[in-house]
Protein chains: 2
Amino acid sequence: MTVRQDIHSSGLPILCQSCEARHRGVCGALDPDHLVGLAKVSSRHQIEAGVELIGDAEAIDSYSNVLSGVVKLTKSLSDGRQQIVGLQFAPDFLGRPFKVESEINAEAATAVSLCSFPKAAIERIMKESPELEHRLLKQTLNELDEARDWMVTLGRKTASEKVASFLLMIARNTDSSIDPAARSASFDLPLTRADISDFLGLTNETVSRQLTRLRADGVIRIENKRHVTVDSMNRLEQRCGGRRARQPPFE
Amino acid sequence: MTVRQDIHSSGLPILCQSCEARHRGVCGALDPDHLVGLAKVSSRHQIEAGVELIGDAEAIDSYSNVLSGVVKLTKSLSDGRQQIVGLQFAPDFLGRPFKVESEINAEAATAVSLCSFPKAAIERIMKESPELEHRLLKQTLNELDEARDWMVTLGRKTASEKVASFLLMIARNTDSSIDPAARSASFDLPLTRADISDFLGLTNETVSRQLTRLRADGVIRIENKRHVTVDSMNRLEQRCGGRRARQPPFE
DNA sequence: CGAGAGATTGACGGACGTCAAGTTATGTGG
DNA sequence: CCACATAACTTGACGTCCGTCAATCTCTCG
């Protein structure tokens with residue numbers, strides 16, 4: 001389906017006028033001509049939790065922007081062990097340029113809305129507009145930084161540090177993004193316990209135990225299994241196994 | 001130090017004529033003019049194992065190409081726990097564009113030779129030459145793929161699968177790159193046992209035990225602690241905890 | 001030869017996985 | 001409205017893989 005648009009209202013496709021991706025996402029790199037051209041072949045989708053978006057070893061024929069919700073990227077071993085290797089929030093760009101086949105699985109972790117484009121359209125624009133590649137490079141570098149941070153978490157942190165780090169990451173990617181320095185936060189977990197364990201390299205039992213420990217220690221409160229309140233972000237951060245501070249100046 | 005060059009011999013700076021990075025590395029993206037300009041301000045360095053190249057929280061003022069040897073990228077927690085988050089081989093590009101400060105430590109794991117450029121020079125050329133950004137994007141995407149593969153290893157594999165996976169990765173990045181389908185391989189480990197454990201999220205004792213187990217089982221032979229021979233890559237691969245194969249077509 | 005770093009091997013303990021039972025939340029149909 | 005089913009979650013008991021600590025061995029280099 002292609003969405004109706006009124007180019008005269010402001011030079012922008014109606015589809016894009018209120019779209020977050022046009023500012024913070026990759027579409028911000030496009031001039032009006034490209035945006036109009038792209039909007040003609042793009043389409044919005046509402047997807048419910050649990051639906052697979054990109055299958056492992058499937059051909060990729062489209063890319064998307066995440067407009068709301070959370071998408072989980074997973075990899076699996078042959079015996080069923082699974083690892084979440086990334087989470088994508090709005091307005092992230094979803095898809096792996098320059099590869100015909102995905103080595104990754106993408107699945108809606110929550111209800112998700114996407115704006116999808118044919119692969120060919122993006123790649124044509126990419127050739128004409130260096131600014132688009134520039135944005136993609138920046139996002140990819142950010143994802144690489146995040147992946148490397150999680151490698152530290154996966155390889156070197158204890159179970160309780162892992163769970164605390166996960167909560168901190170979610171808190172920073174949701175409503176508390178309104179105020180990054182907020183001293184408290186309240187949010188819904190976008191993942192089930194099983195998903196969280198796949199993200200942290202643990203079992204759901206261990207995740208559950210660590211959450212109840214955090215609750216017993218007064219670091220978090222939990223309502224309805226999914227809603228988490230953090231009164232003191234400081235206390236939560238202390239449980240994450242901090243990054244190395246600068247060395248003291250004199251040995 | 002800036003190396004002498006003879007532009008007349010072929011239009012290429014002498015420094016670059018025999019350089020691997022000019023073909024497979026980022027320099028392959030540059031036209032002769034840019035290459036000449038860059039060569040004027042670039043310099044080669046020989047660095048011995050153990051030297052720190054980029055410190056955590058240090059200002060970044062130069063980028064480099066790795067010409068030979070192996071560079072390890074590490075992150076640390078405040079109590080000293082350390083994780084290697086990436087290895088760079090020739091002809092990888094070393095450095096994090098668009099950030100004033102590194103959040104990562106880079107250290108020569110073996111003797112290394114680098115070709116370094118001032119940060120400003122690269123960034124100027126990047127603005128003029130979209131092809132350079134294109135190469136950087138491709139390398140960054142590859143590094144992201146690798147990082148995500150290691151996340152599976154860190155989060156979901158057993159100690160013996162981790163060690164086998166590590167050996168396989170090293171085998172594929174060294175002399176066996178001559179023949180990617182080779183059924184056997186022989187190479188020097190670029191990392192100490194302690195480094196390997198920091199890479200795999202283990203202790204050096206566990207790494208050592210797994211290596212002796214692989215040796216006892218006849219999968220590998222070890223000479224002089226560092227030199228490894230793999231007679232059957234197949235047998236090694238079987239110990240890596242394979243990736244999921246395609247689902248059987250009917251259910 | 002001696003010193004020191006790196007590596008190996010063993011004994012032991014603890015953190016986390018496994019297995020299993022029980023609880024809560026949500027929906028479904030009578 | 002209640003009985004029931006199902007999925008997600010919690011909690012406990014127990015076992016094991018891997019970390020910790022310590023002794024010994026092997027190289028390399030002065």
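Here is the naming used below: chain letters follow the sequence lines, and residue numbers restart at 1 for every chain.
The aromatic rings of Phe93(A) and Tyr63(A) are tilted relative to each other, their planes meeting at an angle between 30° and 60°.
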| message | For Leu154(A) and Met151(B): C-alpha separation, side-chain torsions, deciding distance, then whether side-chain contact (heavy atoms from CB on, under 4.5 Å) applies. | response | CA-CA 7 Å; Leu154(A) 288 170; Met151(B) 289 175 76; 3.8 Å; yes
| task | With side-chain contact (heavy atoms from CB on, under 4.5 Å) as the test, would you mind laying out the steps for Asn105(B) and Ser76(B) before giving the verdict? | result | CA-CA 9 Å; Asn105(B) 234 289; Ser76(B) 300; 5.7 Å; no
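Counting non-hydrogen atoms under 4.0 angstrom, Gly50(B) reaches nothing in the nucleic acid. Contacts of Arg226(A) with the nucleic acid, taken as non-hydrogen atoms under 4.0 Å apart, involve only primed sugar atoms and P, OP1 or OP2. At the heavy-atom level, Leu211(A) lies nowhere under 4.0 Å from the strands shown.
A straight line from CD of Gln210(A) to P of dC9(D) spans 16 Å, rounded to a whole angstrom. Look at CZ on Arg193(B): it is 18 Å from C1' on dG19(D), rounded to the nearest Å. Protein atom CZ of Arg213(A) is 15 Å distant from nucleotide atom C1' of dT11(D), rounded to whole Å. The separation between Leu189(A) atom CG and dC9(D) atom C1' is 12 Å, rounded to whole Å. Put simply, NZ on Lys157(A) is 18 Å from P on dG19(D), counting in whole angstrom units. Between Leu154(B) atom CG and dC16(C) atom C1' there is a gap of 17 Å when expressed in whole angstrom units. Atom CD in Glu223(A) sits roughly 13 Å away from atom P in dT26(C) (whole-Å rounding). If you measure from atom CG of Asn204(A) to atom P of dG22(C), you get 18 Å, rounded to the nearest angstrom.
Side-chain N or O atoms of Glu107(A) include none that pairs as donor or acceptor with a backbone N or O of Leu53(A) at under 3.5 Å. Judged by distance alone, with hydrogens and angles left aside, the side-chain atoms of Arg221(A) form no donor-acceptor pair with the main-chain N or O of Asp231(A) at under 3.5 Å. Distance alone, capped at 3.5 Å, is enough to place a donor-acceptor pair between the Asp79(A) side chain and the Arg81(A) backbone.
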| query | With the sugar-phosphate defined as primed atoms, P, OP1 and OP2, and the base as all remaining atoms, what B/S/- string results for nucleotides 21-30 of chain D, 5' to 3', for protein heavy atoms under 4.0 Å? | reply | BB--------
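At the phosphate of dG17(C), OP1 or OP2 sits under 4.0 Å from a side-chain N or O atom of Thr206(A). For the pair Thr212(B) and dT9(C), the criterion of a side-chain N or O lying under 4.0 Å from OP1 or OP2 is met.
Surrounding CZ of Arg213(B) are at most 12 heavy atoms belonging to other residues, nucleotides or ligands under 6.0 Å away.
For Thr203(A), the side-chain atoms get nearest to dG17(C) when compared with the rest of dG17(C), dT9(C), dC18(D).
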